[in-house]
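To keep things clear, I will list the structure first and then write my remarks on it.
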Amino acid sequence: MANTILVGAQWGDEGKGKIIDVLTEQADVVVRYAGGNNAGHTVIVKGKKTVLHLIPSGILRPHTLCVIGNGVVLDPIGLVQEMEGLKKNGIKVTPKNFVLSETAHVVFPYHRELDGAREVLKGKNKIGTTKRGIGPAYGDKAARVGLRVSDLVDPAKLEPKLSARMRENNLLLRSHGVKPLSFKRVFADYSKAGRYLKPFVQNTVVLLHDRIRQGADMLFEGAQGTFLDIDHGTYPFVTSSNTTAGGACTGSGVAPTRMDRVVGVMKAYTTRVGEGPLPTENQEISDLLHGMGREFGATTGRARRCGWFDSVATRHATMVNGIDDLAITNLDGLDTVETIKVCVAYRQGGRQYDYMPNDAEILAQCVPVYVEFEGWCTPTDKCKTFRELPAKARAYAKAIAELTNARLFIASVGPGRDQTIFV
Ligand code: GDP
Ligand code: IMO
Ligand code: MG
């Protein structure tokens, strides 16, 4: 399989976790390179659901080495809970199959508090963040005042650094009308988590390159999606990291010349959770999917906003990520739709766009230009091969792949491993 970067080609929640789990059968190493526990990646194996927030979705395969790279911001309390949760369910999580970068940045409680307070201050212009402290943690990293995992696991370093950061952050919290946090409490909780995590901490750049020299096949697990990227997304309604393919290199220390392929994951329709423009948003399809109990956020439980497939967006995603192969998920979500719309261009202010305008205000005013497809109106969730799919479903999948400018590689017709069709 060589070294593959897997990214979300839309606004997150495309089904990356499921596809990573399927592809991990052929991978030796899975690396998370960006984001934090704002992510929620669902993997269903033999009917049992696991939602992963920080730990790579390769963890369900015992032979796989899972790595949290330097580009991730890591909430150690959340991570310890996630590791304990997996162990309770009989999943192996040891320093032999799970490793953390010593240079990943740490999310502290003041980051979470500030995340929430800034959203309140923004009022109706809020981003709709997951309130996991992601923006403030990446902010500290960029401002060069963040603490890294190497600080977390060394109490002699943690104490003075945390104490200095808490003095400033408690002032900030007070200015937002939020109660200051107790240093004693945070230090106690974080040094405890640091002790727990210490055996898992390594120089992951050296480790990954050792594995590359040994011929390992690696999968780089993207979090969030292309239009949540801090540079290429619908700024400011984005997350705070580079979620696109380039982030896999900076967030892991594996160079672009060592990467072989980019897989883009996209739903057969569009969803977004949180605020910001979504040109193809549609109430009917939202009601349909929510009525089936689908499209509720894996991290916050919020109802996802839903709409028709937007090929202007996914074509743009192919461009900025260099997507070679596509995995189309949730094809079965359209099984009952009689006429399916696909956005092929936007109109705004007398202008037609065949790419995503950068200005979120302009994007919010864009009116989609649709083409229509006849629905197949047949269940697809039991189909095992591409030929078994109804002809109209095949035509739809091929058409949206073509519009996206990449090869159709996987069509997914259900959340389970066995509901995956290799094309
Ligand atoms: P991720 O963040 O990209 O990993 O995606 P999430 O796990 O947040 O959301 C995707 C949802 O779709 C999860 O509930 C998956 O179990 C589910 N899913 C993935 N692929 C399919 C599919 O082909 N069909 C159906 N019905 N569900 C799917
Ligand atoms: P996965 O990896 C969907 C969204 C939030 C909000 C914006 C900023 O499961 O696809 P943040 O907490 O990151 O500051 O929030 O980004 N968001 C996601 N939406 N899937 C995700 O991850 C997301 N991670 C963040 O809803 O709009
Ligand atoms: Mg998700």
Side-chain angles (χ1 to χ4, degrees), residues 6-22 32 34-45 47-54 56-57 72-73 75 107 111-112 114-116 118-119 126-139 221-230 233-241 243 264-269 271-278 289 292-305 327-335 379-381 383 397 410-421:
L6 182 139
V7 292
Q10 296 162 321
W11 278 267
D13 301 329
E14 295 90 347
K16 298 176 294 293
K18 171 191 159 156
I19 303 297
I20 287 279
D21 169 66
V22 168
R32 256 294 292 274
N37 59 357
N38 49 348
H41 296 177
T42 315
V43 182
I44 298 184
V45 181
K48 193 169 165 50
K49 176 165 149 178
T50 307
V51 180
L52 296 150
H53 299 287
L54 274 163
S57 304
V72 168
V73 288
D75 180 333
V107 180
H111 292 130
R112 283 197 304 272
L114 276 174
D115 192 354
R118 285 177 181 154
E119 285 281 272
K126 71 173 188 205
I127 297 166
T129 74
T130 59
K131 302 203 176 108
R132 298 294 191 272
I134 305 301
Y138 276 117
E221 175 172 351
Q224 289 81 51
T226 300
F227 300 105
L228 293 173
D229 184 283
I230 182 98
T234 55
Y235 192 90
F237 302 101
V238 293
T239 190
S240 301
S241 63
T243 62
V265 185
M266 59 191 205
K267 279 178 176 148
Y269 46 89
T271 66
R272 169 169 208 164
V273 59
E275 308 303 318
L278 189 65
L289 293 162
M292 296 195 279
R294 293 164 69 145
E295 302 309 344
F296 293 92
T299 296
T300 57
R302 290 177 289 177
R304 295 176 183 147
R305 300 156 62 195
I328 300 175
T329 67
N330 289 273
L331 196 59
D332 55 305
L334 298 176
D335 281 354
T380 55
D381 60 322
C383 295
I410 285 175
S412 168
V413 291
R417 269 181 191 168
D418 56 348
Q419 291 169 302
T420 312
I421 298 172

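As the structure is a computational prediction, the values presented were derived from the model and not from experiment. For ligands, and for the atoms within them, numbers begin at 1 and follow the listed sequence.
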At what distance is the nearest protein heavy atom to [atom], and which residue and atom is it?
atom: atom 4 (O) of ligand 1; value: G17 N, 2.8 Å
atom: atom 10 (C) of ligand 1; value: D13 O, 3.7 Å
atom: atom 23 (O) of ligand 1; value: S412 OG, 2.5 Å
atom: atom 6 (P) of ligand 1; value: G40 O, 3.6 Å
atom: atom 7 (O) of ligand 1; value: T42 OG1, 2.5 Å
atom: atom 27 (N) of ligand 1; value: N330 OD1, 3.1 Å

* Give a yes or no on whether the backbone of G40 and the side-chain of T299 come within a donor-acceptor separation of less than 3.5 Å. => yes

* Asked: If only atom types and distance count, is the side chain of Y138 paired as donor or acceptor with the main-chain N or O of G35 below 3.5 Å?
  -> yes

Return yes or no for this condition: an N or O of [X] is under 3.5 Å from an N or O of ligand 1.
X: K16; value: yes
X: A298; value: no
X: G12; value: no

* Structure fact -> Checking T234, T226, V273 against W11 for side-chain contact (heavy atoms from CB on, under 4.5 Å), the one that qualifies is T234

* To do: Please work out which of E221, R304, M292 has its closest non-hydrogen atom nearest to atom 9 (O) of ligand 1.
  => R304

Counting C-beta onward and ignoring hydrogens, is there a side-chain heavy-atom pair between [X] and [Y] closer than 4.5 Å?
X: F227; Y: R272; answer: no
X: Y269; Y: L289; answer: yes
X: Q10; Y: T271; answer: no
X: V107; Y: R132; answer: no
X: L6; Y: E221; answer: no

* Output yes if A223 passes the N/O/S-under-2.8 Å test against the Mg ion (ligand 3); output no otherwise. => no

* **Atom indices of ligand 1 within 4.0 angstrom of K18 heavy atoms, with elements** => 20 (N)

* Structure fact -> Per-atom filter on ligand 1: closer than 4.0 angstrom to a heavy atom of V413 are 23 (O), 24 (N)

Region of [X] that comes within reach of ligand 1 [heavy atoms, distance under 4.0 Å]:
X: D332; answer: side chain
X: H41; answer: both
X: R294; answer: side chain

* Is there a heavy atom of G414 sitting under 4.0 angstrom from any atom of ligand 1? -> yes

* To do: Could you tell me the separation between the CD atom of Q419 and the CG atom of D381, rounded to the nearest 0.5 Å?
  => 6.0 Å

* Rounded to the nearest 0.5 Å, what's the gap from OG1 on T380 to CG on L334? Could you check? => 9.0 Å

* To do: May I have the step-by-step check of side chain to side chain donor-acceptor pair (under 3.5 Å) for T420 and K18, ending in yes or no?
  => CA-CA 9 Å; T420 312; K18 171 191 159 156; 2.9 Å; yes

* Any idea which residues sit under 4.0 Å from ligand 2, heavy-atom distances? -> W11, G12, D13, K16, N38, A39, G40, H41, I127, G128, T129, T130, A223, Q224, L228, V238, T239, V273, G274, R302

* To do: Check each of K267, E14, R294 against N330 using the side chain to side chain donor-acceptor pair (under 3.5 Å) test, and report the only one that passes.
  => R294

* Check against side chain to side chain donor-acceptor pair (under 3.5 Å), T300 and R302 -> CA-CA 5 Å; T300 57; R302 290 177 289 177; 2.9 Å; yes

* Mind running salt bridge (Lys or Arg N to Asp or Glu O under 4.0 Å) on R304 and D13 for me, showing each step along the way? => CA-CA 9 Å; R304 295 176 183 147; D13 301 329; 3.0 Å; yes

* Structure fact -> Of all the N, O or S atoms in D13, the one nearest to the Mg ion (ligand 3) is OD1

* Pair D21-S57, side-chain donor/acceptor within less than 3.5 Å -> no

